[in-house]
Each structure stands twice: as C-alpha cells, then as structure tokens.
Asker: 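What follows is a single structure, and I will ask about it in a moment.
Start at 1 and go down the list; that is how both ligands and their atoms are numbered. The basis for the numbers below is simple: all heavy atoms, side chains too, and nothing from hydrogens, waters or symmetry mates.
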Amino acid sequence: MIRKLFLGGLLLAAASTSWGAINLTATAGAGQVSLSWSYSGSTPTVQEIYRDLDSNPNGRVRIASVSTSTRSYVDTGVSGGTTYYYWIKNTVSGVAENSNVASATPSGSGGGTISGSSCGTSGAQTTVNATIRVTSGTYDGGCQRFNAGSALGDGSQSEGQLPVFRVENGATLRNIVIGTNGADGIHTYNGAVLDNIYWMNVGEDAMTIKSSGTTTVRNIEGYDADDKFFQINAASTLNVSNCIIHRAGKVLRQNGGTTFQINVSVDRCDINDMGEGVFRTDSSSSTARLTNSRLHDAGTVCIGPWSSCTQSGNTNY
Ligand code: DGU
Ligand code: CA
Ligand code: CA
C-alpha cells in the first residue's frame with residue numbers, strides 16, 4: 001500500500017513538469033538570433049521567450065509569448081557583437097518549467113545598404129579656378145564633375161592647397177563629383193551638410209572641418225586618399241553615414257598635436273585598404289564610433305588616446 005502511493009506520487013510528478021525538459025538551441029546570424037526548441041516529457045502550453053545579457057536568469061526580460069504549437073523564433077532585436085542568453089518558459093496549470101539556457105553572438109547586419117554615391121563619373125566637366133563658396137541653402141551640382149584648376153593646387157600631398165568647395169553655416173552641398181585633381185577637397189565652417197559626393201582621386205585630403213559646428217556627411221564615395229580622408233581642425237561633431245572609402249592612409253585624422261574634443265560617428269560604411277587604420281587622434285577628450293560597417297584591410301580602428309572609441313555591428317570581409 002505504501003509502495004503504491006509512492007509510485008502514484010512519482011507518476012503525478014512526471015505528468016506535470018518536473019521530469020520534462022525543453023531543449024533550446026540558439027543560432028547566431030547576421031543581425032539576428034534564431035531559436036528552436038523541442039519537448040520531452042512535458043506538454044507545451046503557455047510558451048514565453050526570455051532574453052538576458054548574462055546566463056543568470058535574474059533580470060532576464062520576456063521578448064515574446066508564442067502559440068502552443070510554435071517551436072522556433074527569430075530575434076531581430078539584437079546588435080552584432082553582443083552575446084545574448086535565451087530561455088523558453090512553459091507554464092502548465094500555473095506551474096512553470098524552463099529550458100536550458102542557450103546563447104549566441106550575432107554578427108553585424110553587414111552594413112545594411114551601403115551604396116556610396118549615386119553620381120557616376122561621366123557627368124559634364126568644369127574646371128574650378130577659385131573655390132566655390134556655399135554660404136546658405138543648397139548648392140546642387142547635378143553630379144557634374146568639378147576638377148580643381150592649378151590655381152587651387154595639383155592634388156598632391158603638399159599642404160596649403162585650396163579647397164574646391166567651401167560650405168558654411170549649415171548650408172548643403174549636394175550631387176558633386178570632385179574630379180581627378182582633388183586639391184584640398186571640401187572645407188566646412190560652422191557646420192555643413194555634404195550629401196551624395198564622389199571623390200575620384202582625393203588630393204591632400206577629401207574634407208576638412210575648419211571651424212566648430214556639426215558636419216553631416218552622407219551617401220559618399222572616395223578613392224585614393226594617400227594620407228587621410230577626413231581632416232578635423234576644430235572642436236566639432238562629424239556624423240558620416242553610407243560611405244565607401246577605398247584606399248587611404250586612414251579615414252580620419254584629428255589635427256596632429258591638438259587636444260580639443262571632437263565627436264565622430266561613422267555608420268554604414270565600407271572601408272577598404274587603409275594603410276594605417278580608421279580613426280586617429282592625439283586628444284584624450286575626443287570620441288569616435290564605428291557602426292554597422294564592412295571592413296577589409298582597414299588596419300587599426302582606434303589609434304591614439306581617444307576618450308572613447310567604440311565599434312558595434314561591423315563585419316570584416
Ligand atoms: O603641421 O597642421 O594636413 O589640415 C601640420 C599641419 C597639417 C594640416 C593638415 C590639414 O596637419 O595642414 O590638411
Ligand atoms: Ca541576468
Ligand atoms: Ca588638407
């Protein structure tokens with residue numbers, strides 16, 4: 001009689017939860033984690049998915065509640081390079097059982113769309129003998145090719161060349177091809193927007209921030225910057241998105257020996273064949289961020305005593 005009662009207790013336990021198991025696996029993808037799970041010995045009833053940034057379930061958050069028949073889930077709310085921990089929780093008649101913890105580290109989104117500039121290089125050509133100043137509103141170049149004349153420089157590494165464009169006070173420069181003589185590229189003063197710019201052969205540098213402000217640079221593409229692509233000569237903010245930079249010493253240089261603060265963000269860029277690296281400063285108060293980008297032979301990402309220099313969501317190819 002005693003033995004029979006004991007067996008009955010065990011059977012009851014098996015029919016509820018304590019002998020069941022939920023076997024969870026997590027597979028990392030580009031910008032996502034795929035979960036799949038199976039049951040042995042218990043019945044899927046109320047299924048919830050939990051996620052955490054460590055394997056201790058304290059502090060985990062519920063990211064989904066799924067139907068009784070579901071056995072897989074794709075979590076797209078993740079960042080590349082971060083390790084995530086998951087559980088499936090199944091509740092039957094108020095009694096909860098949890099799966100094993102499964103973890104995965106997704107890669108970056110691979111940059112999403114990185115398309116560079118939509119200006120081809122076959123537009124009409126103009127020679128620029130005096131820097132074109134854009135002081136307000138928008139200057140739209142219609143994807144014409146602007147070649148520096150010798151009055152501006154020869155596109156070599158010599159300092160003191162003049163820029164092809166100078167953009168000031170938040171004005172916008174759009175749809176420009178800088179031709180095979182790049183001279184000193186584009187200078188910005190007190191903030192500017194540079195949109196859809198193609199540098200066929202960067203001269204001494206592609207763009208210089210000459211005075212404080214926020215410079216926004218998007219949808220750009222540039223080739224063969226022997227030294228630096230972006231030169232930053234004033235305390236300022238630079239936000240770059242959707243760029244292709246092909247062959248350069250480095251993507252960005254804060255002016256040598258300066259200690260003012262710059263804040264730089266580069267998102268969704270394809271950076272390939274850098275001689276030295278990506279960001280270089282001598283200032284310990286400056287910050288830089290490289291996100292959602294694709295890198296190939298990009299060298300060292302953070303060079304110098306950056307206060308903060310971070311990367312996330314990037315992939316190497
Ligand atoms: O002494 O300041 O190349 O602004 C060196 C100079 C040099 C700058 C820089 C620039 O760092 O002229 O393009
Ligand atoms: Ca935790
Ligand atoms: Ca320069």
Asker: Does atom 1 (O) of ligand 1 have a protein heavy-atom neighbour under 4.0 Å away?
Answerer: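 Within 4.0 Å of atom 1 (O) of ligand 1, no protein heavy atoms are found.
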Asker: Could you state the interatomic distance from OH (Tyr73) to CZ (Arg51), rounded to the nearest 0.5 Å?
Answerer: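 Separation between the atoms: 8.0 Å.
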Asker: Out of curiosity, is Lys228 lining ligand 1, as in a heavy atom under 4.0 Å away?
Answerer: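 In this structure, Lys228 qualifies as a contact of ligand 1 - some heavy atom is under 4.0 Å.
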Asker: Below 30° counts as parallel, above 60° as perpendicular, anything between as tilted: where do the rings of Tyr223 and His246 land?
Answerer: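 Geometry flag for His246 against Tyr223: tilted rings.
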Asker: Has ligand 1 got any nitrogen or oxygen that is less than 3.5 angstrom from a nitrogen or oxygen of Asp205?
Answerer: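 Among all N and O atoms of Asp205, at least one is under 3.5 Å from an N or O of ligand 1.
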Asker: Report the member of Asn255, Asn233, Ile209 with the shortest heavy-atom distance to atom 6 (C) of ligand 1.
Answerer: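 The residue whose heavy atom sits nearest atom 6 (C) of ligand 1 is Asn255.
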Asker: Who's the nearest protein heavy-atom neighbour of atom 8 (C) of ligand 1, and how far?
Answerer: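 Sorting protein heavy atoms by distance from atom 8 (C) of ligand 1 puts Glu159 OE1, 3.7 Å first.
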Asker: How many degrees, to 10°, between Glu204 OE1 and Asp184 OD1 as seen from the Ca ion (ligand 3)?
Answerer: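 The angle at the Ca ion (ligand 3) comes to 90°, rounded to the nearest 10°.
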Asker: Consider only side-chain N and O atoms of Asn90 and Gln47, and report whether a donor and an acceptor are under 3.5 Å apart.
Answerer: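 Judged by distance alone, the side chains do not pair up.
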Asker: With a 6.0 Å cut-off (strictly less than), is the heavy-atom count around CZ of Arg289, excluding the residue itself, greater than 12?
Answerer: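 Incorrect, the count does not exceed 12.
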Asker: Please report the shortest heavy-atom distance between Asn292 and Asn314, naming the atom on each side.
Answerer: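 Heavy-atom minimum between the residues: N-OD1, 3.0 Å.
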Asker: Kindly compute the distance separating CG (Asn196) from CG (Leu194), expressed to the nearest 0.5 Å.
Answerer: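 It comes to 11.0 Å.
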Asker: List every atom of ligand 1 that sits less than 4.0 Å from any heavy atom of Glu204, numbering the atoms from 1 in the order shown and giving each element.
Answerer: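 Close to Glu204: 3 (O), 13 (O).
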Asker: So which N/O/S atom does Asp205 have closest to the Ca ion (ligand 3)?
Answerer: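 Atom name returned: OD2.
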